[in-house]
Amino acid sequence: MAGIPQIITFGWVPEFARGFVRDIRPRWACEEVGQPYEAVLIADAKSPEHRRLQPFGQVPAYRDGALEMFESGAIVLHICEKAGKLVPTDPVARARAIQWLTAALNSVEPWVMALAVNDLFEADQPWSEMRHGKVVADLDGRLRDLEEALGDRRWLEGDVFTVGDLMMVSVLGGLRNTATLERFPRLASYVARGEARPAHRKAIADHFATFDRPAAA
């Protein structure tokens with residue numbers, strides 16, 4: 001599909017990773033703003049060819065004409081700003097939406113990932129069980145702060161869903177299949193609202209559909 005943006009991502013991942021790969025984020029952004037895109041599926045993110053797009057050997061990467069990008073937050077922000085959607089035009093509201101996008105990636109996601117690393121990727125290490133309690137306590141502290149900041153609002157800044165909510169819901173979605181969000185009912189409801197959006201449902205469906213097709217070499 002020439003002339004439309006490309007999201008470069010894996011054509012296959014193990015079952016435990018399905019639903020969590022970060023290509024979901026730009027897919028969701030494209031669906032929210034009505035931007036068609038092409039998914040380019042790869043088998044090896046560490047290849048020299050892919051590293052020219054993504055120097056750290058990760059996914060997603062992104063092409064939009066002459067523009068080549070990596071980092072899901074930057075890609076999502078570009079998609080939304082280009083479309084003029086999910087990023088408020090008022091300068092103060094715009095700054096606050098980008099603030100929440102950055103907070104999702106910098107102030108919440110490292111603690112979400114610490115739990116996944118400890119309990120999944122390093123579960124066979126001798127320190128994993130001993131470290132579990134500290135990892136959970138640190139994550140709970142961040143989630144408690146976020147839930148207090150959210151309060152009783154529908155979205156982080158009130159009634160309007162922004163790019164900040166898209167990224168925050170995406171990050172908190174990494175806690176799916178754990179009991180963590182059950183301890184924070186307002187956050188659990190917030191994530192459920194975000195994931196119930198038609199654009200998110202379409203993005204998730206298309207993400208899973210990639211695994212029915214062979215990846216490029």
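- Shown here for Ala83 and Val33, the closest heavy-atom pair between the two residues is CB-CB, 3.6 Å.
- Here the closest non-hydrogen pair linking Ala39 and Arg27 is CB-NH2, 3.7 Å.
- Side-chain contact between Val160 and Thr162: present, with at least one pair of heavy atoms (C-beta onward) separated by less than 4.5 Å.
- Pairs of residues two or more places apart, or lying in two chains, that qualify as salt bridge (charged side-chain N to carboxylate O under 4.0 Å, His left out) and include a residue from residues 91-102 are Glu81-Arg94, Arg96-Glu157.
- A salt bridge links Glu109 with Arg25: at least one charged nitrogen is closer than 4.0 Å to a carboxylate oxygen.
- Within the 4.5 Å cutoff, side-chain heavy atoms of Val191 are placed close to those of Leu181.
- Salt bridge Asp138/Arg142: absent, no basic N to carboxylate O contact under 4.0 Å.
- A distance of 4.5 Å separates CD in Glu38 from CD in Gln6, rounded to the nearest 0.5 Å.
- Between the Ser47 side chain and the Asp44 main chain, a donor and an acceptor come within less than 3.5 Å of each other.
- When atom types are taken as modelled, the side chain of Arg51 and the backbone of Pro55 share a donor-acceptor pair closer than 3.5 angstrom.
- Within the structure, ring pair (Phe, Tyr, Trp, His ring centres under 6.0 Å) pairs that include any residue of residues 137-179 comprise Trp28-Phe161, Trp155-Phe161, Trp155-Tyr190 (at least two apart or interchain).
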**Message:** Set out, in order, the CA-CA distance, both residues' side-chain angles and the distance that settles salt bridge (charged side-chain N to carboxylate O under 4.0 Å, His left out) for Glu122 and Arg131, then state yes or no.
**Reply:** CA-CA 11 Å; Glu122 296 180 351; Arg131 191 166 177 265; 5.4 Å; no
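- In this structure, Pro5 and Gln35 have side chains that are in contact, with non-hydrogen atoms separated by less than 4.5 Å.
- Note on Val117 and Val108: separate hydrophobic clusters, where clusters join Ile, Leu, Val, Met, Phe, Trp and Tyr whose side-chain heavy atoms are under 4.5 Å apart, directly or indirectly.
- In this structure, CG in Asn118 is found 10.0 Å from CE in Met130, a value given to the nearest 0.5 Å.
- Residue Cys30 comes nearest to Ile79 through the heavy atom pair SG-CD1, 3.7 Å, listed as atom of the first residue, atom of the second, then distance.
- Between Leu120 atom CG and Thr178 atom OG1 the span is 12.0 Å, to the nearest 0.5 Å.
- Between Arg193 and Asp165 there is no salt bridge, since none of the side-chain N atoms of the basic residue sits less than 4.0 Å from a carboxylate O of the acidic one.
- Side chain of Arg153 to backbone of Ala149: a donor-acceptor contact under 3.5 angstrom is found.
- The hydrophobic clustering, which links ILVMFWY residues whose side-chain heavy atoms are closer than 4.5 Å, places Leu105 and Val163 together.
- Panel note: side chain Glu147, backbone Leu187; a donor-acceptor pair is recorded below 3.5 Å.
- In this structure, Ser128 contributes its side chain and Asp124 its backbone to no donor-acceptor pair below 3.5 Å.
- With a 4.5 Å cut-off on side-chain heavy atoms, Ser170 and Ile24 do not count as touching.
- Side-chain contact check for Glu49 versus Ile42: every heavy-atom pair is 4.5 Å or farther apart.
- Side chain of Ser107 to backbone of Ala104: no donor-acceptor contact under 3.5 angstrom is found.
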**Prompt:** Please walk me through it: do Leu175 and Leu143 pass side-chain contact (heavy atoms from CB on, under 4.5 Å)?
**Reply:** CA-CA 11 Å; Leu175 297 171; Leu143 297 182; 3.9 Å; yes
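- Not a single donor-acceptor pair under 3.5 Å links the side chain of Asp64 to the backbone N or O of Leu67.
- When the side chains of ILVMFWY residues are joined at heavy-atom separations under 4.5 Å, either directly or via intervening members, Trp111 and Leu146 end up in a single hydrophobic cluster.
- For the pair Arg144 and Phe184, the cation-pi test (distance below 6.0 Å, angle within 45°) is failed.
- Between the CG atom of Leu156 and the CD atom of Gln99 there is a distance of 9.5 Å, given to the nearest 0.5 Å.
- Using a distance-only test at 3.5 Å, with no hydrogens or angles considered, no donor-acceptor pair links the side chain of Glu71 to the main chain of Ala74.
- Closest non-hydrogen pair, Gly194 versus His200, comes out as O-CB, 3.7 Å.
- Closest approach of Arg186 to Leu150, counting heavy atoms only: O-CD2, 3.9 Å.
- Across all non-hydrogen atoms, the minimal contact from Glu31 to Tyr37 is OE2-CE2, 3.8 Å.
- A salt bridge is defined here as a Lys NZ or Arg NE, NH1 or NH2 lying under 4.0 Å from an Asp or Glu carboxylate O, and Glu32 with Arg197 meets this definition.
- Hydrophobic clustering keeps Leu115 apart from Phe20 (ILVMFWY residues linked when any side-chain heavy atoms are closer than 4.5 Å, directly or through intermediates).
- Using a distance-only test at 3.5 Å, with no hydrogens or angles considered, no donor-acceptor pair links the side chain of Lys85 to the main chain of Cys80.
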**Worked check of side-chain contact (heavy atoms from CB on, under 4.5 Å) between Val76 and Tyr62** = CA-CA 10 Å; Val76 165; Tyr62 181 81; over 6 Å; no
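- Surrounding CG of Asp159 are at most 12 heavy atoms belonging to other residues, nucleotides or ligands under 6.0 Å away.
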**Request:** Quick one: do Val59 and Ile8 satisfy side-chain contact (heavy atoms from CB on, under 4.5 Å)? Show the steps, please.
**Result:** CA-CA 7 Å; Val59 299; Ile8 298 95; 5.5 Å; no
**Request:** Kindly indicate, with the supporting measurements, whether the criterion salt bridge (charged side-chain N to carboxylate O under 4.0 Å, His left out) is fulfilled by Glu195 and Arg176.
**Result:** CA-CA 11 Å; Glu195 293 189 339; Arg176 205 180 303 119; 3.0 Å; yes
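- Counting heavy atoms from C-beta outward, Ile98 and Leu77 have side chains that approach closer than 4.5 Å.
- Expressed to the nearest 0.5 Å, how far CG of Leu139 lies from CE of Met113 amounts to 12.0 Å.
- Both the sub-6.0 Å distance and the 45° axial angle are not jointly satisfied by Arg18 relative to the ring of Phe208.
- Proximity of Phe10 to Thr210: side-chain heavy atoms (C-beta onward) are nowhere separated by under 4.5 Å.
- Heavy-atom contacts from other residues, nucleotides or ligands closer than 6.0 Å to CD of Gln125 number more than 12.
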**Request:** Report the C-alpha separation of Phe70 and Gln58 in whole Å, then their side-chain angles, then the decisive distance to 0.1 Å, and conclude whether the side-chain contact (heavy atoms from CB on, under 4.5 Å) test is met.
**Result:** CA-CA 9 Å; Phe70 62 94; Gln58 300 171 317; over 6 Å; no
